[in-house]
Amino acid sequence: MVSDTVIVLDFETTGHSPTLGDRPIEVGAVRIEQGMIVDRFQALMNPGFTISWFIESLTGISNELVAAAPECEAVMHRFADWIGDVPLVAHNANFDRKFLDAELARIGRERTNPMACTVLASRRLFPEAPDHRLSTLVSYLNIATSGTFHRALADAEMTGSLWILLIDLLRDRYGLTDISFSLMHKISTMSRYKVHKFLQQYGATH
DNA sequence: TGCCAGGCCCTCTTTAGGGCCTT
């Protein structure tokens with residue numbers, strides 16, 4: 001099986017909206033080559049203000065932890081260098097894209113990487129799942145887990161496993177042998193009613 | 001002080017509303 005190299009990333013943040021001042025407190029990511037995780041990135045970062053009790057409880061990331069961490073700007077420079085121009089993947093990519101773009105803008109850099117979403121892909125390829133939250137899909141698809149959720153690297157690793165399963169499903173169900181990032185991206189953004197027929201036709205001609 | 005987003009996607013739709021998904 002040949003598939004493109006991708007980087008699967010996840011941010012833990014102080015809230016939902018960078019436009020209202022929320023910032024990342026941790027980034028985790030895995031690099032996937034040939035269907036395997038071959039490298040990892042993880043860093044806590046200091047957002048410059050106090051994290052709410054809710055976020056401390058949700059993530060287990062305390063104010064003490066981020067106080068000892070480097071500022072977001074320093075981490076994001078390292079992260080931007082690490083991801084390069086490799087295509088990106090995230091679970092609910094719209095969320096992580098907002099924070100990535102906002103933090104890159106703060107350091108005078110810009111994302112050029114295309115980005116795909118495992119929520120959108122899963123809704124089309126696993127429509128029978130109870131729902132499409134990461135924790136539900138991990139359980140439903142028997143994805144290996146350390147038992148930790150809402151930590152960036154653990155969530156990125158599970159999302160990476162989900163990405164690999166999505167590619168496996170395209171291979172097994174439709175006989176596709178060369179599954180590119182752009183094919184998965186196309187599937188994720190087309191009408192869910194057209195996906196099955198499209199893949200049948202695609203599999204017959206590739 | 002209290003509250004805060006937003007893109008996707010379905011449907012009892014398109015002159016709209018509300019659930020899903022992320023922290």
Side-chain angles (χ1 to χ4, degrees), chain A residues 6-30 41-63 65-67 69 72 75-76 79 88-106 111 113-141 143 145 148-163 165-166 184-198:
Chain A
V6 299
I7 285 174
V8 185
L9 66 93
D10 183 69
F11 282 109
E12 304 305 316
T13 72
T14 62
H16 279 150
S17 178
T19 58
L20 292 180
D22 288 315
R23 299 195 73 186
I25 53 176
E26 186 181 39
V27 61
V30 296
F41 186 103
Q42 184 274 332
L44 289 163
M45 55 190 119
N46 187 340
F49 53 87
T50 302
I51 304 170
S52 72
W53 175 87
F54 174 79
I55 294 296
E56 280 192 316
S57 300
L58 179 72
T59 64
I61 299 170
S62 66
N63 279 289
L65 273 176
V66 297
C72 296
V75 172
M76 291 307 299
F79 187 61
L88 303 176
V89 175
H91 200 64
N92 198 20
N94 180 55
F95 176 87
D96 294 280
R97 182 172 50 233
K98 283 190 303 185
F99 281 93
L100 178 60
D101 289 354
E103 291 298 325
L104 290 178
R106 282 175 175 265
R111 174 183 59 86
N113 323 51
M115 201 158 174
C117 176
T118 49
V119 172
L120 298 183
S122 297
R123 282 176 179 162
R124 285 158 178 78
L125 297 176
F126 297 119
E128 72 283 4
D131 61 57
H132 297 85
R133 287 179 290 184
L134 182 59
S135 58
T136 300
L137 291 169
V138 163
S139 173
Y140 178 72
L141 298 169
I143 290 172
T145 168
T148 300
F149 287 90
H150 292 298
R151 286 302 297 263
L153 183 56
D155 284 2
E157 288 186 343
M158 289 183 282
T159 304
S161 296
L162 173 58
W163 177 259
L165 275 176
L166 288 162
M184 190 71 88
H185 191 274
K186 179 181 178 69
I187 292 167
S188 301
T189 53
M190 69 191 307
S191 163
R192 66 173 59 186
Y193 303 112
K194 296 179 179 175
V195 165
H196 180 67
K197 189 170 185 178
F198 167 80

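In this structure, a donor-acceptor pair under 3.5 Å is absent between the side chains of A:Thr59 and A:His150. A:Asp22 and A:Ser17 are not linked by any side-chain donor-acceptor pair at a separation below 3.5 angstrom, with hydrogens and angles left out of the test.
Following rounding to the nearest Å, A:Phe99 (CZ) and B:dG7 (P) show an atom-to-atom distance of 13 Å. Going from atom CG of A:Leu120 over to atom C1' of B:dC10 covers 14 Å, rounded to whole Å.
On the P atoms, B:dC8 is 23 Å away from B:dC4, given to the nearest whole Å. For B:dT15 and B:dC21, the P atoms lie 28 Å apart once the distance is rounded to whole Å. Nucleotides B:dG7 and B:dC12 place their P atoms 25 Å apart, quoted to the nearest Å. Comparing the C1' positions of B:dT1 and B:dG6 gives an interatomic distance of 25 Å, to the nearest angstrom. B:dT23 and B:dA5: their C1' atoms are spaced 11 Å apart (whole Å).
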I'd like a list of close polar pairs between nucleotides 21-23 of chain B and the protein, N/O only, cut-off under 3.5 Å.
from, atom 1, to, atom 2, distance (Å)
B:dC21, OP1, A:His132, N, 2.8
B:dC21, O2, A:Asn92, ND2, 2.9
B:dT22, OP1, A:Leu134, N, 2.7
B:dT22, O4', A:Asn92, ND2, 2.9
B:dT23, OP1, A:Asp155, OD2, 3.4
B:dT23, OP2, A:His150, ND1, 3.4
B:dT23, O3', A:Glu12, OE1, 2.8
B:dT23, O3', A:Thr13, N, 3.0
B:dT23, N3, A:His16, NE2, 3.3

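A salt bridge is defined here as a Lys NZ or Arg NE, NH1 or NH2 lying under 4.0 Å from an Asp or Glu carboxylate O, and A:Glu12 with A:Arg151 fails to meet this definition.
Annotation: the span from A:Leu153 atom CG to A:Thr148 atom OG1 amounts to 10.0 Å, rounded to 0.5 Å.
Within the 4.0 angstrom heavy-atom criterion, only backbone atoms of the sugar-phosphate kind lie near A:Arg124; the bases stay farther away.
Every pair passing side-chain hydrogen bond (donor to acceptor under 3.5 Å, both in side chains) that includes a residue from residues 126-135 of chain A is listed here, sequence neighbours excluded: A:Glu128-A:Tyr140, A:Asp131-A:Arg133, A:Asp131-A:Thr136.
Summarising the geometry of A:Val30 relative to A:Gly160, their closest heavy-atom pair is CG2-CA, 4.5 Å, with the distance given to 0.1 Å.
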